[in-house]
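Working notes, beginning with the structure itself.
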Amino acid sequence: MQALLGGNAIAVHDIEQSLMGTSLGMDMKRGVSVRGGHRHHLKAINTICRCGSIAQAVEQGVLTTGIFYECIHKGVPFSLAGSIRDDGPLPDTKMNLLEAQADYARLIQGADMILMLSSMLHSIGVGNMTPAGVKMVCVDINPAVVTKLSDRGSVESIGVVTDVGLFLSLLVQQLSKLTSPYQVSQTV
Ligand SMILES: NC(=O)c1ccc[n+]([C@@H]2O[C@H](COP(=O)([O-])OP(=O)(O)OC[C@H]3O[C@@H](n4cnc5c(N)ncnc54)[C@H](O)[C@@H]3O)[C@@H](O)[C@H]2O)c1
């Protein structure tokens, strides 16, 4: 993966899960809400604000797991485009949309394939700025989103109507077959 494009939500939910094991106060392992969990979302945002940024939270040893920890750790660039729905927002989220669009356009330069995973807003935005010939795979549980993307001109996109969790676990299985045949023979 060469870059990650998203909004405030993916980072806030990922960071809440990394720091407290919850998403909007729901325990992600047990699927139940935890006592005082309603505070976790804002606590996660405030923690990152105090550190200065997601990268600084990783440097300071505050954030030690999760998608954004891995991005910083492995040097994968990311861009978070803001919206009016955002809580906080995080210091990394770009609230100037022209700057965010320019950042997205820079990061998709030279991309062969773009995976669009359960974000209608960002998928259609990226679809609009992607040149012809780039493969796009749009995964969403709502068939209307996949259709909307094609209707707006991203006709080359392949739509997969499914749960994104299921898609990602199958993708990981297939990728590990390509990269680690030993590991697969052990687990089959
Ligand atoms: N805490 C926050 O700050 C916060 C929270 C939520 C959203 N937002 C912001 O609001 C904007 C829009 O948010 P969004 O991208 O979440 O909404 P969106 O409506 O653009 O996209 C969500 C998509 O996910 C799909 N979906 C839902 N469950 C799925 C599943 N299990 N498998 C596959 N697809 C599934 C839906 O059909 C929908 O198309 C963004 O800018 C986001 O950052 C912010």
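Remember, it's a predicted structure, so these values are computed and weren't measured experimentally. Both counts, for ligands and for their atoms, begin at 1 and track the order of listing.
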Are any of the side-chain heavy atoms of H41 and V12 separated by less than 4.5 Å? yes
Ignoring hydrogens, what is the shortest heavy-atom contact between C71 and F78? Give both atom names and the distance. CB-CD2, 3.9 Å
Exam field: side chain D86 to backbone S83, donor-acceptor pair closer than 3.5 Å: yes
Provide the number and element of each atom of ligand 1 under 4.0 Å from a heavy atom of S83. 9 (C), 10 (O), 11 (C), 40 (C), 41 (O)
Tightest non-hydrogen contact, residues L97 and G82, listed as CD2-O, 3.3 Å
Side-chain touch L115/V137, heavy atoms, less than 4.5 angstrom: yes
Ligand-residue contact atoms, ligand 1 with T162, heavy atoms, under 4.0 Å: 32 (N), 33 (C)
Need the ligand 1 atom indices (1-based, order shown) with element for anything under 4.0 Å from a heavy-atom of N142. 37 (O)
In ligand 1, which numbered atoms sit nearer than 4.0 Å to a non-hydrogen atom of D87? 1 (N), 2 (C), 3 (O)
Among non-hydrogen protein atoms, atom 18 (P) of ligand 1 lies closest to M120 N, 3.6 Å
V145 heavy atoms within 4.0 Å reach ligand 1 at atoms 39 (O)
Which residue supplies the protein heavy atom nearest to atom 32 (N) of ligand 1, what is that atom called, and how far is it? V164 N, 2.9 Å
Does L117 reach ligand 1, in the sense of a heavy atom lying below 4.0 Å from it? no
Does the side chain of V145 reach to within under 4.5 Å of the side chain of S123, using non-hydrogen atoms? no
Considering A9, S123, S118, G165, which one's heavy-atom position lies nearest to atom 35 (C) of ligand 1? S118
Short N/O distance, under 3.5 Å, between I10 and ligand 1? no
Can you tell if the side chain of D140 reaches within under 4.5 Å of the side chain of L149, non-hydrogen atoms only? no
Taking only non-hydrogen atoms of G7 and a 4.0 Å limit, the atoms of ligand 1 in range are 43 (O)
Do K148 and D151 meet the salt-bridge criterion of a basic N to acidic O distance under 4.0 Å? no
Output, in order, the C-alpha distance, side-chain angles, deciding distance and verdict of side-chain contact (heavy atoms from CB on, under 4.5 Å) for T47 and R50. CA-CA 5 Å; T47 304; R50 266 196 301 276; 3.8 Å; yes
Evaluation steps, side-chain hydrogen bond (donor to acceptor under 3.5 Å, both in side chains), between E16 and T22: CA-CA 6 Å; E16 182 189 330; T22 56; 2.6 Å; yes
For atom 27 (C) of ligand 1, find the nearest protein heavy atom and state the residue, atom name and distance (0.1 Å precision). I141 CG2, 4.2 Å
D163 neighbourhood, listing ligand 1 atoms whose heavy-atom distance to it stays under 4.0 Å: 30 (C), 31 (N), 32 (N)
Answer yes if a protein heavy atom lies under 4.0 Å from atom 16 (O) of ligand 1, otherwise answer no. no
Judged on heavy-atom distance to atom 40 (C) of ligand 1, which of R85, H122, M116 sits nearest? H122
Determine, considering heavy atoms only, which of V161, D140, I84, D86 sits nearest to atom 37 (O) of ligand 1. D140
Which atoms from ligand 1 have a heavy atom of L121 less than 4.0 Å away? 11 (C), 20 (O), 40 (C), 41 (O)
Given side chains that start at C-beta, do those of V34 and H40 come closer than 4.5 Å, heavy atoms only? yes
